[in-house]
Amino acid sequence: MRVTVSAPGKVILLGEHAVVYGEPAIALAIDRRTRVRARPSAASTTINGEPLSAHAHAYIRQAIQLLWKDEHGLSIETESTVPSAAGLGSSAALSVATVGALLALTDRFSEEECARSAYDVEFATQGRASPTDTSCASHGKAILIGPDGDRSALWRIRRGERSWTVQGIELPRLTLVVGSTGERGRTADQVAKVARFVDRSSFGRDVVRDIGRLVREGLEALRTEDLRRLGKVMDRDHALLTILGVSTPTIERMVAAARPASLGVKLTGAGGGGSVIALTERPADVVAAWKRMGHDAFIAEPAARGVAVEEKGDPT
Ligand code: PMV
């Protein structure tokens, strides 16, 4: 038996960091995917022909520990068009696709099970994290994640005293440009930095709550298809993320360069490097502005599909 499973990367439109403290966030899947092909093998487990390594394959190893109870090893191959360590959910796409492949091999595949198990994998590998990226990579399209659950929720995920409800949301047509700072921001470091601020100061907690308010306003702007308002909300969210300390001089230069051609522009994901997103009616101008500065940039098309079994059967 051999399976191929893929899952998309994502951008966080609004609400990163505050979502760790139970505020809502909006994330959307983009058409960059990670693909995992897996089959049981008589020999010990290999990843892209190399022996499984705790350091190089931390997420895959965790997924195998969690889900693979078979005495056989596995032969796993991966490929990805999601830029790595760029705040675009590459580790979540890998976790979801790997978990999806292991679930498909054992006839347990479902979108929800992928979201749950992949969150366990991310949490075990990187520590404090919200299920935003893994839920988005599982469901695709766009999600609202937060405490205000209703009956249309896709699933609810608990960890300690926190619980998150994940809902699918409809988005109007919008054009986002993603620009890469070229700097690596480790998510765990940025989350720890914000935690020091939020745990020690009521001002920090106010900023987190203000981000939550902005996400609710952004949701309203999406519902009424008011992209100008959405852009302003993104700008204000970026200002608050700067106060939380997760912006960098490069991010600020990229934000300033994109602003004249954008409705809104902000860092996306953990920050400290990573990527910047611009909501714009002039995507070519934003791409050109960032490329002139030497940064990779692309127009992000939304991904309609979340985790998907692309192939399942006996290898020929
Ligand atoms: O891993 P990234 O860069 O997509 O950032 C994740 C978003 C955070 O809110 C900063 C952390 C989390 O787990 O939600």
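First listed ligand is number 1; within each ligand, the first listed atom is number 1.
- Between Arg184 and Asp189, none of the side-chain N atoms (NZ, or NE/NH1/NH2) sits under 4.0 Å from a carboxylate O, so this pair counts as no salt bridge.
- With respect to Arg35 and Glu311, no salt bridge is recorded, no charged nitrogen being found less than 4.0 Å from a carboxylate O.
- Here Arg229 pairs with Glu217 in a salt bridge; the nearest charged N to carboxylate O distance falls below 4.0 Å.
- Ion pairing of Arg259 with Asp235 is present here, as a side-chain N (NZ or NE/NH1/NH2) and a carboxylate O approach within less than 4.0 Å.
- With respect to Glu16 and Lys266, a salt bridge is recorded, a charged nitrogen being found less than 4.0 Å from a carboxylate O.
- A salt bridge does not link Arg32 to Glu301: none of the charged side-chain nitrogens sits closer than 4.0 Å to a carboxylate oxygen.
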Where does ligand 1 get N/O contacts under 3.5 Å from the protein, atom by atom?
{"unit_1": "ligand 1", "atom_1": "1 (O)", "unit_2": "Thr187", "atom_2": "OG1", "d": "3.0"}
{"unit_1": "ligand 1", "atom_1": "3 (O)", "unit_2": "Ala270", "atom_2": "N", "d": "2.9"}
{"unit_1": "ligand 1", "atom_1": "4 (O)", "unit_2": "Lys10", "atom_2": "NZ", "d": "2.6"}
{"unit_1": "ligand 1", "atom_1": "4 (O)", "unit_2": "Asp133", "atom_2": "OD2", "d": "2.9"}
{"unit_1": "ligand 1", "atom_1": "5 (O)", "unit_2": "Ala270", "atom_2": "N", "d": "3.2"}
{"unit_1": "ligand 1", "atom_1": "9 (O)", "unit_2": "His17", "atom_2": "N", "d": "2.8"}
{"unit_1": "ligand 1", "atom_1": "13 (O)", "unit_2": "Ser130", "atom_2": "N", "d": "2.7"}
{"unit_1": "ligand 1", "atom_1": "14 (O)", "unit_2": "Ser130", "atom_2": "OG", "d": "2.5"}

